[in-house]
Each structure stands twice: as C-alpha cells, then as structure tokens.
Amino acid sequence: MASLGSSMLLLRRAAPRLSKELFTCRQCLVRTQNYGTTSTFRTPSAPFSRNTSRLNATSLRTQARKAFARCASDAAVANGAKSKATKSSFPEVTDKKVAYWLLGSAASVFGIVVFGGLTRLTESGLSITEWRPVTGSLPPMNAEDWESEFAKYRASPEFKILNSTMTLSEFKSIYYMEWIHRLWGRFVGISFVLPAVYFVARKQVSKPMALRLAGIAGLIGFQGFIGWWMVKSGLKDDLFAPGSHPRVSQYRLTAHLGAAFVCYTAMLWNGLAILRSHRLLSDPDAGIKILDALKDTKLKLFRRSVAGLALLVFVTAMSGALVAGLDAGLIYNEFPYMGNGLAPPMAELFDNRYSRHEDRSDLWWRNMLENPSLVQLDHRILAMTTFTSIMALWAYTRRSPNMKRLLPPAARKGVHGVVAFAWMQVGLGLSTLLYLVPTPLASAHQAGSLFLLTWVLVLGSRIWHPSRTAKLLQMAAKARGQSLSRAASHVPHKL
C-alpha cells in the first residue's frame with residue numbers, strides 16, 4: 001500500500017508536465033514563453049483523492065480546449081491573410097462541380113446531335129427559311145403568323161419540287177422539328193456560357209481550364225452560324241443542276257456535324273480529366289504510383305494507338321455525313337458487294353461529269369466528295385478499317401505480355417467497351433444499308449458513332465498521362481512530407 005501511495009503521488013506531481021506536453025501545442029508554448037507568462041496548470045496542494053483526480057481531469061480538458069481554440073484562431077488568421085493575398089489568382093485544380101456540369105453539357109450536345117439527325121431524316125431542316133437568333137425563339141402564335149411562315153416555305157425549292165401538295169398541318173409538323181432543334185441549340189449555348197462565366201468569376205477553375213471554357217463557348221457560337229450557313233445552301237437550287245433534289249450542301253453538313261463532335265469531345269474530355277485529377281490528388285502517394293506506371297515506355301504505343309483510333313472514328317463519322325448529305329445510302333443496298341463486285345467500275349467511281357476543270361485536275365477529290373458511289377465506298381472502307389483496328393487493339397491487349405502486366409484494370413474494361421460498341425455500330429450500319437435507310441435505324445447508327453467515340457475517349461482518359469496533374473502530385477507529396485517532418489520534430493522525446 002505504501003508503494004502504491006508513493007506511485008500515485010509521483011503521478012500527481014507529473015500531471016502538470018504531462019498535461020503541458022500532451023495537451024498544449026508547440027505554438028502556444030512558444031507564445032507563452034515569449035510573453036513571460038507562467039503555466040496555466042498548477043499542482044494541487046491537497047492530498048491525492050478521487051475527487052481531486054476528477055477536478056484535475058476536468059481542468060485538463062478545459063485547458064486543452066482553450067489551447068486548441070487559440071491555435072485554431074491563429075490558423076484562421078493566417079489562412080485569411082493567405083486567401084487575401086491569393087484572392088485574384090486561379091486555383092491549381094478545377095472544382096469538381098465544373099466536371100459534372102461539363103459532362104451534363106456533353107450529354108445535351110449528344111442529344112442535339114441525335115435530334116439533328118432526325119431533323120434531317122424527316123426533311124424538316126429547311127422548313128424555317130430565316131435565321132432569327134432572338135425573335136425566332138418563339139413559334140408562330142396565331143393563324144396569321146402560321147400563314148406567313150408557310151408562305152415563305154412555299155417559295156423554297158423544297159416545296160416546289162418535293163412538297164407541292166403539303167398542307168398547313170403537315171407543314172407545322174416539320175416546322176416544329178426544326179424549331180425544337182434550333183431552340184435546343186440556344187439552350188446549349190445559354191446553359192454553357194452563363195455557368196462558365198460564373199465559374200471563372202468565382203475562381204473555381206484553373207487558368208488553363210478557363211481558357212478551354214472560353215474556346216468551347218466560342219465554338220458553340222460558331223456552331224450556330226454554321227447551322228444557318230448549312231440551311232441557307234438548301235434554299236437555293238444551284239448545287240448541281242436546276243430542278244435536282246433540293247438539299248443542303250454535303251460540305252456544310254459535314255462541317256456542322258464535325259463542329260458538334262469537336263464540341264462534344266472537348267466537354268467530355270475536360271470533364272473526365274477534372275474528375276481524374278481529383279481522384280489522383282485524393283491520395284498523392286497512390287496517384288504518383290499510378291502515373292509512374294503509366295509513364296512506362298511500353299505503354300506509349302498503346303496510348304498513341306488509342307489517339308489514332310479516336311481520330312479514325314471521327315473521320316469515319318464525317319464520311320458518314322457525306323453519305324447522308326448525298327443520300328448515298330440509297331444506292332448499292334447490299335453487302336459486301338456493290339453491284340457485280342466488291343466495288344463499282346472505275347468509270348463510275350471517277351466520273352468525268354463531276355470534274356469542273358478542263359484539265360480534269362479536280363477529278364479525284366471531287367469524285368471522292370461528290371460522287372455518291374465513291375463516297376459510299378469510302379465510308380465502307382473507313383468503317384471496316386476502324387473495326388479492324390479496334391479488334392487488333394483488343395488482340396494486342398490480350399496477347400502482349402507487357403500489356404497484361406502494365407495495363408490498368410480500368411483500361412482493360414475500357415477496351416472491352418470499345419469492342420462492344422464497335423460490334424453494335426457495325427450491326428446498325430449494315431441494317432441501315434440493307435433496309436434502305438429507315439429513319440429509326442439511321443438515327444441509331446448516327447448515335448452509335450457518337451457512342452463509339454465516347455468510349456474511345458473514356459479509354460484514352462484512363463491511360464493518358466496528365467503532366468500537369470503529375471506536377472501537382474509531386475508538390476502535394478513534398479508538402480505532405482515536410483508537414484510530417486515538422487510534426488515529428490515537435491513530438492517530445494521524454495515525458
């Protein structure tokens with residue numbers, strides 16, 4: 001009992017030192033010593049008892065809360081001064097909300113691309129003969145306005161040649177298709193520009209991302225101009241010969257679709273990049289290991305192959321726009337043959353009638369872009385090349401020992417997704433051709449091209465090495481190591 005009492009007495013006497021070392025931060029101790037103040041904790045003079053220990057414990061907790069409150073106050077003042085100093089600068093990492101907004105904008109662009117294909121397939125795109133970006137937001141509101149719009153359409157080549165027996169009710173159906181398409185385009189622009197201005201003004205995006213958002217916003221505005229430029233070409237009867245089938249220029253249609261694909265790609269890629277940066281920065285050590293593995297030179301060929309595959313999918317989709325613009329899908333509705341062979345005769349593929357120069361210097365490229373037979377053959381060749389490339393990439397990931405060892409599991413799943421969408425797109429393309437381009441299949445085929453491009457971009461985002469994020473990871477790991485070193489130096493070696 002005597003030894004127990006002496007032990008308790010020693011513990012009571014050591015309490016002030018233990019409390020100061022364990023419950024008071026180093027900054028508070030330094031500040032107390034600088035101001036010459038005495039310790040707040042006092043050794044009780046009363047004998048050690050259960051009630052005394054309770055009072056000591058309560059006092060220790062109270063003093064600890066006060067100490068931590070003072071430290072938090074000091075940290076808040078320091079952070080406030082730092083935030084004032086950097087108030088005008090952009091953050092290093094874009095806020096995650098921007099990523100979700102970009103992906104939502106990409107989904108909206110996806111929808112308008114599909115709906116635009118339906119507008120073309122139903123021959124509704126030429127129903128509105130004027131471009132009124134502001135006043136055209138509302139449809140005709142009364143019978144007089146409808147008669148006025150119908151009169152403008154009756155003056156167009158499409159009505160005179162194709163729809164001379166169209167009634168007002170039939171005109172309303174195609175008018176609303178084009179009106180919804182244009183209204184959707186306005187919505188895409190407003191829903192992108194206004195949030196982009198807000199995010200940049202609130203400094204929730206990095207400086208490079210702010211420049212990218214400005215570029216995408218400019219592309220959306222230019223896209224509206226391209227759309228009207230395309231429609232305007234269908235209001236004139238001078239594409240090939242007077243009295244021919246009225247349609248928009250296949251060049252302008254391809255430019256319109258290509259700009260939409262580029263806009264969609266920019267939104268999707270940047271949204272995925274922001275989310276990936278946040279995932280990597282959430283654990284700098286693990287993120288550095290992942291990016292170091294992706295820097296392996298043996299993966300360089302795979303990354304370049306994915307980039308080339310994305311370009312090939314894009315070019316194939318643009319060749320499909322030429323097919324749609326020339327109605328080339330309505331000829332040679334068989335596969336794999338085109339007539340009596342795998343390709344039509346050379347005289348048909350390179351017809352002199354499409355040349356406009358006396359020396360025939362434009363014979364090749366004009367037939368490739370204006371001859372329906374050669375345009376369809378080019379699209380077939382590009383489609384088969386894309387499909388073969390995808391299957392070769394899949395076989396490479398399955399057979400190569402380096403790919404089995406280095407390719408991340410998420411990238412393997414991405415390859416499987418690309419293969420699945422490639423098979424789906426081939427099936428939709430053949431069905432569209434064999435069944436003489438029915439509207440549901442043709443629209444699904446166009447959507448399938450965008451789905452395939454989407455999954456190629458997803459695959460690319462999983463294996464790409466973001467150099468800027470890698471630098472941020474190195475900085476975060478270095479700062480973390482320094483903070484751990486400082487914390488270790490503040491831990492007392494003796495009680």
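Side-chain contact between Val458 and Val418 is absent, with no heavy-atom pair separated by less than 4.5 Å. For the pair Leu377/Met338, a side-chain contact is recorded, criterion being any heavy-atom separation below 4.5 Å from C-beta on. Between Leu102 and Leu213, some side-chain heavy-atom pair lies under the 4.5 Å cut-off. Residues Lys232 and Trp131 fail the side-chain proximity criterion, which asks for heavy atoms closer than 4.5 Å. Between Leu291 and Pro466, the closest side-chain pair of non-hydrogen atoms falls below 4.5 Å. Taking the side chain as every heavy atom from C-beta outward, Ser373 and Ile331 approach each other to under 4.5 Å.
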Would you mind writing out the side-chain donor-acceptor pairs for residues 186-197 within the sub-3.5 Å range, not counting sequence neighbours?
{"from": "Arg186", "atom 1": "NE", "to": "Pro133", "atom 2": "O", "distance (Å)": "2.6"}
{"from": "Arg186", "atom 1": "NE", "to": "Ser137", "atom 2": "OG", "distance (Å)": "3.4"}
{"from": "Arg186", "atom 1": "NH2", "to": "Arg132", "atom 2": "O", "distance (Å)": "2.8"}
{"from": "Arg186", "atom 1": "NH2", "to": "Pro133", "atom 2": "O", "distance (Å)": "3.3"}
{"from": "Ser191", "atom 1": "OG", "to": "Phe187", "atom 2": "O", "distance (Å)": "2.7"}
{"from": "Ser191", "atom 1": "OG", "to": "Val188", "atom 2": "O", "distance (Å)": "3.3"}

Under 3.5 Å, which donor-acceptor pairs link side chains of residues 259-276 to any protein atom two or more places apart or in another chain?
{"from": "Tyr264", "atom 1": "OH", "to": "Thr454", "atom 2": "OG1", "distance (Å)": "2.5"}
{"from": "Thr265", "atom 1": "OG1", "to": "Phe261", "atom 2": "O", "distance (Å)": "2.8"}
{"from": "Asn270", "atom 1": "OD1", "to": "Arg212", "atom 2": "NH1", "distance (Å)": "2.9"}
{"from": "Asn270", "atom 1": "ND2", "to": "Ala266", "atom 2": "O", "distance (Å)": "2.7"}
{"from": "Arg276", "atom 1": "NE", "to": "Ser461", "atom 2": "O", "distance (Å)": "3.3"}
{"from": "Arg276", "atom 1": "NH1", "to": "Ser461", "atom 2": "O", "distance (Å)": "3.2"}
{"from": "Arg276", "atom 1": "NH1", "to": "Trp464", "atom 2": "O", "distance (Å)": "2.4"}
{"from": "Arg276", "atom 1": "NH2", "to": "Trp464", "atom 2": "O", "distance (Å)": "2.9"}

List the atom pairs, donor and acceptor, that lie under 3.5 Å between side-chain atoms in residues 296-303 and the rest of the protein, sequence neighbours left out.
{"from": "Asp296", "atom 1": "OD1", "to": "Lys298", "atom 2": "N", "distance (Å)": "2.9"}
{"from": "Arg303", "atom 1": "NH1", "to": "Leu294", "atom 2": "O", "distance (Å)": "2.5"}
{"from": "Arg303", "atom 1": "NH2", "to": "Leu294", "atom 2": "O", "distance (Å)": "3.4"}

List the atom pairs, donor and acceptor, that lie under 3.5 Å between side-chain atoms in residues 217-230 and the rest of the protein, sequence neighbours left out.
{"from": "Gln223", "atom 1": "NE2", "to": "His256", "atom 2": "O", "distance (Å)": "2.8"}
{"from": "Gln223", "atom 1": "NE2", "to": "His256", "atom 2": "ND1", "distance (Å)": "3.4"}

In residues 384-395, what donor-acceptor pairs under 3.5 Å come from side-chain atoms, sequence neighbours left out?
{"from": "Thr385", "atom 1": "OG1", "to": "Ile381", "atom 2": "O", "distance (Å)": "2.7"}
{"from": "Thr386", "atom 1": "OG1", "to": "Thr316", "atom 2": "OG1", "distance (Å)": "2.9"}
{"from": "Thr386", "atom 1": "OG1", "to": "Leu382", "atom 2": "O", "distance (Å)": "2.8"}
{"from": "Thr388", "atom 1": "OG1", "to": "Met384", "atom 2": "O", "distance (Å)": "2.7"}
{"from": "Ser389", "atom 1": "OG", "to": "Thr385", "atom 2": "O", "distance (Å)": "2.8"}

All N/O donor-acceptor pairs, side-chain side in residues 112-122, below 3.5 Å, sequence neighbours left out:
{"from": "Thr119", "atom 1": "OG1", "to": "Phe115", "atom 2": "O", "distance (Å)": "2.9"}
{"from": "Thr122", "atom 1": "OG1", "to": "Leu118", "atom 2": "O", "distance (Å)": "2.8"}
{"from": "Thr122", "atom 1": "OG1", "to": "Thr119", "atom 2": "O", "distance (Å)": "3.3"}
{"from": "Thr122", "atom 1": "OG1", "to": "Ser124", "atom 2": "OG", "distance (Å)": "2.8"}

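Applying the 6.0 Å contact sphere to CE of Met368 captures no more than 12 heavy atoms from other residues, nucleotides or ligands. The number of heavy atoms from other shown groups lying within 6.0 Å of NZ (Lys152) is above 12. Counting heavy-atom neighbours within 6.0 Å of Trp423 CH2, excluding the residue itself, gives a total of 12 or less. Enclosure of atom CZ in Arg405 by more than 12 non-hydrogen atoms of other residues, nucleotides or ligands within 6.0 angstrom is indicated.
Listed by chain and number, the residues in a side-chain contact (heavy atoms from CB on, under 4.5 Å) with Lys289 amount to none (sequence neighbours excluded). Annotation: salt bridge (charged side-chain N to carboxylate O under 4.0 Å, His left out) contacts of Asp378 (sequence neighbours excluded): none. Partners of Leu183 under the side-chain contact (heavy atoms from CB on, under 4.5 Å) rule, at least two apart in sequence or in another chain, are Trp179. Gln425 pairs by the side-chain contact (heavy atoms from CB on, under 4.5 Å) definition with Leu428, His445, Ser449, not counting sequence neighbours.
Annotation: the span from Arg279 atom CZ to Thr469 atom OG1 amounts to 11.0 Å, rounded to 0.5 Å. Rounded to the nearest 0.5 Å, atoms CG (Leu441) and CG (Leu436) are 11.0 Å apart.
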Set out, in order, the CA-CA distance, both residues' side-chain angles and the distance that settles side-chain contact (heavy atoms from CB on, under 4.5 Å) for Leu162 and Glu123, then state yes or no.
CA-CA 10 Å; Leu162 294 180; Glu123 296 184 346; 4.1 Å; yes
Going through the distances and angles, do Trp364 and Asn367 end up as a side-chain contact (heavy atoms from CB on, under 4.5 Å)?
CA-CA 5 Å; Trp364 284 79; Asn367 274 277; over 6 Å; no
Decide ring-ring contact (aromatic ring centres under 6.0 Å, His included) for Tyr175 and Phe150; before the verdict, give the C-alpha distance in whole Å, the side-chain angles of both, and the deciding distance to 0.1 Å.
CA-CA 9 Å; Tyr175 183 95; Phe150 194 29; over 10 Å; no
Would you please test Phe335 and Arg380 for side-chain contact (heavy atoms from CB on, under 4.5 Å) and show each step?
CA-CA 10 Å; Phe335 188 86; Arg380 290 189 180 202; 3.7 Å; yes
I would like to know whether Leu280 and Leu473 meet side-chain contact (heavy atoms from CB on, under 4.5 Å); could you show each step before the answer?
CA-CA 8 Å; Leu280 293 172; Leu473 282 171; 4.1 Å; yes
Let's go through Tyr251 and Glu370 carefully: what are the C-alpha distance in whole Å and the side-chain angles of both, what is the deciding distance for side-chain hydrogen bond (donor to acceptor under 3.5 Å, both in side chains) to 0.1 Å, and is it a yes or a no?
CA-CA 9 Å; Tyr251 298 112; Glu370 298 178 2; 2.7 Å; yes
As a quick check of understanding, evaluate side-chain hydrogen bond (donor to acceptor under 3.5 Å, both in side chains) for Thr129 and Ser156, giving each step before the final call.
CA-CA 8 Å; Thr129 59; Ser156 66; over 6 Å; no
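The main-chain N or O of Pro91 is never found under 3.5 Å from a side-chain atom of Ser206 such that the two would form a donor-acceptor pair. A donor-acceptor pair is defined here as one N or O able to donate and one able to accept, closer than 3.5 Å; such a pair exists between the side chain of Asn333 and the backbone of Leu433.
Within the structure, no pair that satisfies the side chain to side chain donor-acceptor pair (under 3.5 Å) test touches residues 427-441, not counting sequence neighbours. Listed by first then second residue, pairs satisfying salt bridge (charged side-chain N to carboxylate O under 4.0 Å, His left out) with a partner in residues 444-471 read Glu92-Arg468, not counting sequence neighbours.
Scanning both residues, Gly325 and Arg247, for their nearest heavy atoms gives O-CD, 3.2 Å. When all heavy atoms of Val231 and Glu178 are compared, the pair lying nearest together is CG2-OE2, 4.4 Å. Of all the heavy atoms in Ser108 and Trp184, the pair that sits closest is OG-NE1, 3.2 Å. In terms of heavy-atom proximity, Ile463 sits nearest to Ala411 at CG2-CB, 3.3 Å. Taking each heavy atom of Val205 and Ala210 in turn, the nearest pair found is CG2-CB, 3.9 Å. Contact detail for Arg398 and Lys404: the closest heavy-atom pair is O-CE, 2.7 Å.
Annotation: cation-pi geometry satisfied between Lys203 and Phe90 (NZ/CZ under 6.0 angstrom from ring centroid, within 45° of ring axis).
Aromatic pair Tyr176/Trp146: centroids less than 6.0 angstrom apart.
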